[in-house]
J.: 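Pasting a structure here, questions to come.
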Amino acid sequence: QVQLVESGGGLVQAGGSVRLSCEASGSTFRINAMGWYRQAPGLQRELVATISRSGSTNYADSAKGRFTISRDNAKNTMYLEINSLKYEDTAVYYCWAGTFFGTQAWGQGTQVTVSS
């Protein structure tokens, strides 16, 4: 099994930046793609970005330009950097991993709150 733990969220001022981390443990050799999702209050969970094991990235249209996803396979850690934060970026951010065997894992989420 794969376990995922997010960190780095908190209260951030609009216009600022935040860097989220997702550390994987357990059967990390099984992990293929990883990604970030977010869920704002009253809305459905939505994809932010994904990254393959080789580093190829894919972003939701809403995330292009201000969001950067990256991963360090040696540290079993994935990152999401968000710049020029906006109030509408307020959400719980979830880490996701897909394995070569078709299974998935989710983290518990980390809250990012953007204040004006």
J.: Sort and list the pairs that fulfil salt bridge (Lys or Arg N to Asp or Glu O under 4.0 Å) and have at least one residue in residues 13-42, not counting sequence neighbours.
T.: Arg38-Glu46, Arg38-Asp89
J.: Indicate yes or no for a side-chain donor-acceptor contact from Arg45 to the backbone of Ala40 under 3.5 Å, with no hydrogens or angles considered.
T.: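 No, because the side chain of Arg45 does not come within donor-acceptor range (under 3.5 Å) of the backbone of Ala40.
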J.: Contact between Thr50 and Asn58 at the side-chain level, heavy atoms closer than 4.5 Å - yes or no?
T.: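 Counting from C-beta outward, Thr50 and Asn58 do come under 4.5 Å.
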J.: Does any N or O in the side chain of Thr90 come within less than 3.5 Å of the main-chain N or O of Glu88, such that one atom is a donor and the other an acceptor?
T.: no
J.: Show me the pairs that pass salt bridge (Lys or Arg N to Asp or Glu O under 4.0 Å) and involve residues 54-64, at least two apart or across chains.
T.: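 Every salt bridge (Lys or Arg N to Asp or Glu O under 4.0 Å) pair that includes a residue of residues 54-64, provided the two are not neighbours, is Asp61-Lys64.
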J.: Give me the atom names and distance for the closest heavy-atom approach of Ser116 to Ala14.
T.: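 Taking Ser116 first and Ala14 second, the nearest heavy atoms are CA-CB, 4.4 Å.
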J.: With side chains defined as the heavy atoms from C-beta onward, is the minimum distance between Phe29 and Phe100 less than 4.5 Å?
T.: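 No; the side chains remain at least 4.5 Å from each other.
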J.: With ILVMFWY side chains joined below 4.5 Å, transitively, what does Tyr59's cluster contain besides itself?
T.: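 Joined to Tyr59, directly or through intermediates: Val2, Leu4, Val12, Val18, Leu20, Ile31, Met34, Trp36, Val48, Ile51, Phe67, Ile69, Met78, Leu80, Ile82, Leu85, Tyr93, Val112, Val114.
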J.: What distance do Cys95 atom SG and Tyr37 atom OH have between them, rounded to the nearest 0.5 Å?
T.: 11.0 Å
J.: Do Glu6 side-chain atoms and Gln108 backbone N/O form a donor-acceptor pair below 3.5 Å?
T.: yes
J.: With Ser17, which residues qualify under side chain to side chain donor-acceptor pair (under 3.5 Å), at least two apart?
T.: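 Only Asn83 meet the side chain to side chain donor-acceptor pair (under 3.5 Å) criterion with Ser17.
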J.: List the residues meeting side chain to side chain donor-acceptor pair (under 3.5 Å) with Thr113, not counting sequence neighbours, and say none if there are none.
T.: Gln111
J.: So with a 6.0 Å cut-off around CD of Gln104, is the heavy-atom count from everything else above 12?
T.: yes
J.: Membership question, hydrophobic clusters at under 4.5 Å side-chain separation (ILVMFWY): are Leu47 and Val92 in the same one?
T.: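 Yes, because Val92 and Leu47 connect within a single hydrophobic cluster, where side-chain heavy atoms sit under 4.5 Å apart.
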J.: Got a sec, which residues hit side chain to side chain donor-acceptor pair (under 3.5 Å) with Ser21, two or more places apart in sequence or on another chain?
T.: none
J.: Look at the side chain of Thr110 and the backbone N and O of Gly9, then say whether any donor-acceptor pair between them is shorter than 3.5 Å.
T.: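 Yes.
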J.: So do Cys22 and Thr77 actually touch side chain to side chain, heavy atoms under 4.5 Å?
T.: no
J.: Less than 4.5 Å apart, any side-chain heavy atom of Gln1 and any of Ser27?
T.: no
